[in-house]
Amino acid sequence: MYVTGLQLKNYRNLGEEELKPCRNINVIYGNNAQGKTNIIEALWLFCGGHSFKGSKENEFIKFGEKFARIKTQFFAQDREQEAEIVFGSNKKEVIINGVKKSGSSSLIGKYTAVVFSPEDLTLVKRGPGARRRFIDSAICREKIQNAVVISRYNQTLNQRNALLKDIFRHPELRKTLGIWDDTLSYLGAQIIHRRLNYIEELSKFAREYHLGISEEKEQLELKYNSTCSAEPGDSLSEITEKLSRRLSESVNDDCKNGYTGAGPHRDDFDIIINSRKARIFASQGQQRSAVLSLKLAEAQVLSELTGENPVILLDDVLSELDKKRQDFLLNKIKDYQVFITCCDFEEEGLLKEGKKFLIKEGRIT
Ligand SMILES: Nc1ncnc2c1ncn2[C@@H]1O[C@H](COP(=O)(O)OP(=O)(O)OP(=O)(O)O)[C@@H](O)[C@H]1O
Ligand SMILES: [Mg+2]
C-alpha cells in the first residue's frame, strides 16, 4: 500500500497543512522542533493503534484549539481509499471511505505501516521487556487470537503467583498448584511456539537487510532464548511438555521466591552481529542498523502475511549512520513507500529518486 495524500488541521504544531508524497522515498527534513516527528506520528495513527510516543489523544490537539483532524488518501487492496480521524477534547471520530466507524480499531488491517523511532533503540540496548513487547505485538498483528492467548496467559500467571505467595504462609496449598501449571503450560507453549516461528522468519529477512546496510560485512542473527529450552522446530506438544517439566522442576524455587521463574514472560531473544551480542559489543551505528534491519524485516513478514506492503516510517534514523548506510536506506529499499525524517539534508546527490519536504515552524514546504 502507499499514501497518496495527507491533510492535517490543528495537529500538534501544524496548522492547516497538506503533504503529497511520492510512491518511493519521501524525506521530511528541517531543524529541531519544527514538526517532523509530528508528521510521522500522524501517518502512524492511521494503523489504528496508539502513538509510538505514548501520548494521550488530547495531546494531539494544537495548543489553544478545540479539535485536531488528520486525513489520508491511500491506495490499498487495489483501490483508492480514505481515512479520517478527528480528535475532540474528549471524543474521537473515525471515518473510513466516508462511513463513520465506532473506533480506531476498524482501521486495523486497512492501512498498515511499520515505524522506527529513536526509542526503538531500547530493543538492542535495554533489558528483555522491550524485546518481548516487540515480538508479542508482532504476533498479535499476525493473528488477533494471539492477543487473547497472551492475555489469558498473563491472568493465569498472576493467579499462580498469588498462590505462590499464599503457599509461603499456608504450605498445605501447594497441592493445588497443579491446576494452574497445566493451564500455564498449555497457554505458554502456544506463545512460545508462535514467537519461535516469528523469530525464525524475522531473522531470515533481517539478515538480508543487514547484509545490505553493512555492505555484506555484518551477519545479523536473532536467537530466541527460552527459559524452558524450547527450540525452533519443536512442535506445540513438545513445548507444552518442556514448559510443564520446567515448572515442576522449579517449584521449590518458585515457592521460595513467590513468583514463577520460567515461561514466556521470562524469555528473551538475542540480537547477534558477527557472532557477538549486539547489546554488549555493537557500536552506536551498528545498534541502529540492527534495529533498522529488524524493522524492515518486520515489514517484509507483514507483507508476506497480508499481500500488501506496509508503509515504512523512519524517524531520525540517519544520524550516526555513515554515508554508505544512509545511501542504503535512501536508495536501496525497493517496493516500499518510505517516509524518513532528518535534520540536515542539504547534501545534493544523496537522494537519487524521491521527494523532499522542508518543515519549518509547523509548515510543510
Ligand atoms: N499539541 C501541541 N500543540 C502545539 N505544539 C505542539 C503540540 N505537541 C507538540 N508540539 C510541539 O511541536 C514541535 C515539533 O515537534 P516534533 O517532535 O515534530 O519536532 P521535530 O521536527 O521532530 O524535531 P527534532 O528534530 O528535534 O526531532 C515541538 O516544539 C513540540 O513542543
Ligand atoms: Mg523529531
Side-chain angles (χ1 to χ4, degrees), residues 3 5-21 25-47 49-72 84-94 104 113-125 130 284-285 287-289 291-292 295 311-322 325-326 329-330 337-347 350-351 354-365:
V3 173
L6 173 75
Q7 296 87 39
L8 306 168
K9 188 169 168 67
N10 300 338
Y11 186 78
R12 299 241 188 221
N13 73 328
L14 297 120
E16 194 151 3
E17 293 298 321
E18 176 159 33
L19 188 84
K20 288 251 169 236
I25 308 283
N26 298 278
V27 177
I28 295 170
Y29 72 107
N31 288 340
N32 293 133
Q34 303 303 303
K36 304 181 296 294
T37 301
N38 294 344
I39 295 171
I40 296 289
E41 180 185 48
L43 286 164
W44 170 250
L45 289 175
F46 294 109
C47 289
H50 302 285
S51 163
F52 53 82
K53 295 210 269 186
S55 312
K56 294 193 199 81
E57 289 182 346
N58 59 11
E59 293 167 7
F60 300 148
I61 304 169
K62 190 173 188 187
F63 303 145
E65 299 291 343
K66 293 201 165 49
F67 74 95
R69 178 189 297 126
I70 59 176
K71 191 170 175 180
T72 183
E84 181 176 344
I85 313 177
V86 184
F87 301 97
S89 50
N90 50 26
K91 74 174 177 70
K92 179 170 65 175
E93 250 179 35
V94 177
S104 13
V114 162
V115 68
F116 169 96
S117 82
E119 286 96 277
D120 288 316
L121 291 169
T122 53
L123 271 177
V124 185
K125 291 183 176 170
Q284 308 271 28
Q287 290 186 345
R288 194 170 278 257
S289 309
V291 176
L292 265 164
K295 292 283 174 169
V311 174
I312 296 180
L313 307 170
L314 305 175
D315 190 24
D316 241 339
V317 299
L318 294 182
S319 52
E320 288 171 356
L321 295 185
D322 60 36
R325 290 183 192 228
Q326 292 189 353
L329 288 178
L330 291 168
Q337 186 183 37
V338 180
F339 291 85
I340 188 162
T341 71
C342 60
C343 288
D344 305 309
F345 205 75
E346 300 310 329
E347 214 161 320
L350 210 52
L351 181 69
K355 244 173 145 172
K356 295 193 287 186
F357 301 91
L358 171 67
I359 313 302
K360 206 170 170 196
E361 293 168 6
R363 311 275 343 240
I364 303 173
T365 56

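Counting convention: from 1, in listed order, for ligands and their atoms alike. These numbers come from the heavy atoms of this one structure, side chains and all, not from hydrogens, waters or symmetry mates.
Taking both residues in full, the closest heavy atoms of Leu8 and Ala42 are given as CD2-CB, 3.8 Å, listed atom of the first, atom of the second, then distance.
For atom 31 (O) of ligand 1, the nearest protein heavy atom lies 4.0 Å or farther away.
The option from Ile61, Leu14, Asn31, Asn38 that lies nearest to atom 16 (P) of ligand 1, judged by heavy atoms, is Asn38. Which of Asp315, Asn13, Thr341 comes nearest to atom 13 (C) of ligand 1 through a heavy atom is settled by distance: it is Asn13.
Looking only at side-chain heavy atoms (C-beta outward), Asp315 and Glu119 stay at 4.5 Å or farther from each other.
Scanning the protein heavy atoms around atom 22 (O) of ligand 1, the nearest turns out to be Thr37 OG1, 2.7 Å. Protein heavy atom at the shortest distance from atom 3 (N) of ligand 1 is Phe63 N, 3.0 Å. Taking atom 26 (O) of ligand 1 as the reference point, the nearest protein heavy-atom neighbour is Asn32 ND2, 3.1 Å. With hydrogens left out, the protein atom closest to atom 23 (O) of ligand 1 is Ala33 N, 2.7 Å, a heavy atom. Protein heavy atom closest to atom 25 (O) of ligand 1, with residue, atom name and distance, is Lys36 NZ, 2.8 Å.
For Gly30, the heavy-atom gap to ligand 1 stays at 4.0 angstrom or more.
Between the side chain of Thr341 and the backbone N or O of Asp316 there is at least one donor-acceptor pair closer than 3.5 Å.
Classification of the Phe52-Trp44 ring pair by plane angle, with boundaries at 30° and 60°, yields perpendicular.
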Take Arg12 and Glu41 through the salt bridge (charged side-chain N to carboxylate O under 4.0 Å, His left out) test and state the conclusion after the steps. CA-CA 10 Å; Arg12 299 241 188 221; Glu41 180 185 48; 2.7 Å; yes
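Residue Thr37: an N/O/S atom is found under 2.8 Å from the Mg ion (ligand 2).
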